[in-house]
Amino acid sequence: MISELLLYAPEADFVEPYIRRALPGVTISTPETANTPQLAVMISSVDIYDPQATPEDASENTPLAPASHWADREKEFAATTRRHGLKPLILRCADIVATGMTGFPRHLAEAIWKGTFFHFPANEARRSVIHAADIADLVQSVAASGLPAADSLIYNITDGTNPTIHDLAEALAFRMKNKRISTLSTGPQQWMGRIIYGRRRYSLYTTTRTYSSAAAALDMAFRPTPVCEYLRTHTYDENSL
């Protein structure tokens with residue numbers, strides 16, 4: 001087991017408590033505070049990819065979005081780790097579900113709580129997700145057993161199930177004491193829903209964005225718990241994050 005982990009998690013600092021819990025006794029440092037780390041991990045994002053190139057099951061070889069700030073961050077992190085004599089492990093994570101989550105999952109949860117999210121009939125749009133607890137478990141596994149023997153250490157990280165937005169919303173609502181989500185069942189209701197949402201948000205809720213984590217499964221035996229299952233079955237108590 002390592003004694004120091006260099007962790008870089010821009011826009012996902014809420015994942016750090018999960019990693020700290022998975023690595024008791026291990027010093028978690030940043031690029032600015034690192035001393036003698038034995039492992040360097042970046043929590044990157046699948047937002048690095050060009051959504052027009054491969055909207056479904058995008059792999060690590062999918063073209064990157066033009067002028068992606070995530071690409072710049074990954075390059076900077078790689079340079080930092082080289083100064084410590086390390087190879088960086090870059091985890092391009094799908095939407096992360098966790099306490100303190102940000103981005104799409106947070107906006108969806110807030111809309112459910114406020115009663116401003118509605119189901120559209122026959123909406124089969126899917127979204128790749130991952131729970132922070134599984135990211136932490138993966139980091140713990142690598143910290144214990146070492147980096148995979150692969151030329152590239154860049155991996156997409158998802159729960160492998162790509163739930164429908166309908167199912168993800170229902171799982172989040174279950175955590176809110178089974179809050180009811182209404183369905184816009186009639187034509188006029190659906191028309192009004194599009195007006196209320198606006199073009200951008202309606203597209204967000206009805207467009208599939210999925211990514212393949214087959215490489216992580218193969219190289220690191222990554223077998224996460226499906227997020228919807230986790231939300232419905234995990235016991236939340238005073239020890240939970």
Side-chain angles (χ1 to χ4, degrees), residues 1-49 60-62 64-65 67-103 105-106 128-159 211 213 215-224 239-241:
M1 178 61 73
I2 64 171
S3 60
E4 181 182 349
L5 166 68
L6 195 172
L7 177 66
Y8 180 44
E11 300 183 31
D13 55 353
F14 58 90
V15 176
E16 182 178 336
Y18 290 85
I19 295 176
R20 286 188 179 277
R21 185 176 63 179
L23 293 173
V26 174
T27 298
I28 309 295
S29 60
T30 67
E32 294 76 25
T33 65
N35 186 15
T36 56
Q38 297 88 50
L39 176 64
V41 177
M42 176 180 178
I43 308 300
S44 186
S45 171
V46 292
D47 288 343
I48 195 171
Y49 299 116
E60 291 83 355
N61 295 319
T62 295
L64 305 187
S68 168
H69 68 279
W70 283 105
D72 292 337
R73 287 169 169 172
E74 289 185 2
K75 290 177 183 177
E76 291 170 3
F77 183 66
T80 296
T81 59
R82 283 195 294 270
R83 290 197 291 271
H84 291 281
L86 299 173
K87 293 180 65 176
L89 175 62
I90 296 176
L91 306 179
R92 291 176 176 169
C93 297
D95 292 327
I96 304 173
V97 175
T99 299
M101 59 192 178
T102 59
R106 182 182 183 90
S128 288
V129 290
I130 185 65
H131 199 282
D134 281 307
I135 298 174
D137 287 346
L138 176 59
V139 173
Q140 190 278 334
S141 176
V142 173
S145 60
L147 292 168
D151 292 334
S152 174
L153 294 177
I154 297 176
Y155 294 96
N156 292 345
I157 300 298
T158 82
D159 74 351
Y211 305 87
S213 55
L218 179 64
D219 292 356
M220 298 184 286
F222 184 51
R223 302 289 187 273
N239 297 315
S240 295
L241 291 171

Which atoms form the tightest heavy-atom contact between [X] and [Y], and what is the distance?
X: Asp159; Y: Ile130; value: N-CD1, 3.8 Å
X: Pro37; Y: Leu5; value: CB-C, 4.5 Å
X: Ala22; Y: Ala136; value: CB-O, 3.8 Å
X: Ala215; Y: Glu60; value: CB-OE2, 3.7 Å
X: Leu7; Y: Pro31; value: O-CD, 3.9 Å
X: Ala94; Y: Val129; value: CB-N, 3.8 Å

Donor-acceptor pair, distance only, cut-off 3.5 Å: does the side chain of [X] make one with the backbone of [Y]?
X: Glu4; Y: Thr27; answer: no
X: Arg106; Y: Gly100; answer: no
X: Ser145; Y: Ser141; answer: yes
X: Thr30; Y: Leu6; answer: no
X: Thr81; Y: Ala40; answer: no
X: Tyr18; Y: Thr99; answer: yes

Is the shortest heavy-atom distance from the side chain of [X] to the side chain of [Y] under 4.5 Å?
X: Val26; Y: Ile2; answer: yes
X: Met42; Y: Pro10; answer: yes
X: Phe222; Y: Leu91; answer: no
X: Asp134; Y: Asp137; answer: yes
X: Ile48; Y: Thr62; answer: no
X: Ile96; Y: Phe14; answer: yes
X: Glu11; Y: Ile43; answer: no
X: Pro148; Y: Leu153; answer: yes

For the residue pair Arg92 / Tyr49, report whether a side-chain donor-acceptor contact shorter than 3.5 Å exists.
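Indeed, the side chains of Tyr49 and Arg92 share at least one donor-acceptor pair under 3.5 Å.
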Step by step, would you call Cys93 with Ile135 a side chain to side chain contact (heavy atoms under 4.5 Å, CB included)?
CA-CA 9 Å; Cys93 297; Ile135 298 174; 3.7 Å; yes
I need the [X] [atom1] to [Y] [atom2] distance, nearest 0.5 Å.
X: His69; Y: Ser45; atom1: NE2; atom2: OG; answer: 7.5 Å
X: Gln38; Y: Met1; atom1: CD; atom2: CE; answer: 11.0 Å
X: Ile19; Y: Arg21; atom1: CD1; atom2: CZ; answer: 11.5 Å

Is there a side chain to side chain contact (heavy atoms under 4.5 Å, CB included) between Leu147 and Val142? Walk through the geometry before answering.
CA-CA 6 Å; Leu147 292 168; Val142 173; 3.8 Å; yes
Could you walk me through whether Leu89 and Tyr155 pass side chain to side chain contact (heavy atoms under 4.5 Å, CB included), step by step?
CA-CA 8 Å; Leu89 175 62; Tyr155 294 96; 3.8 Å; yes
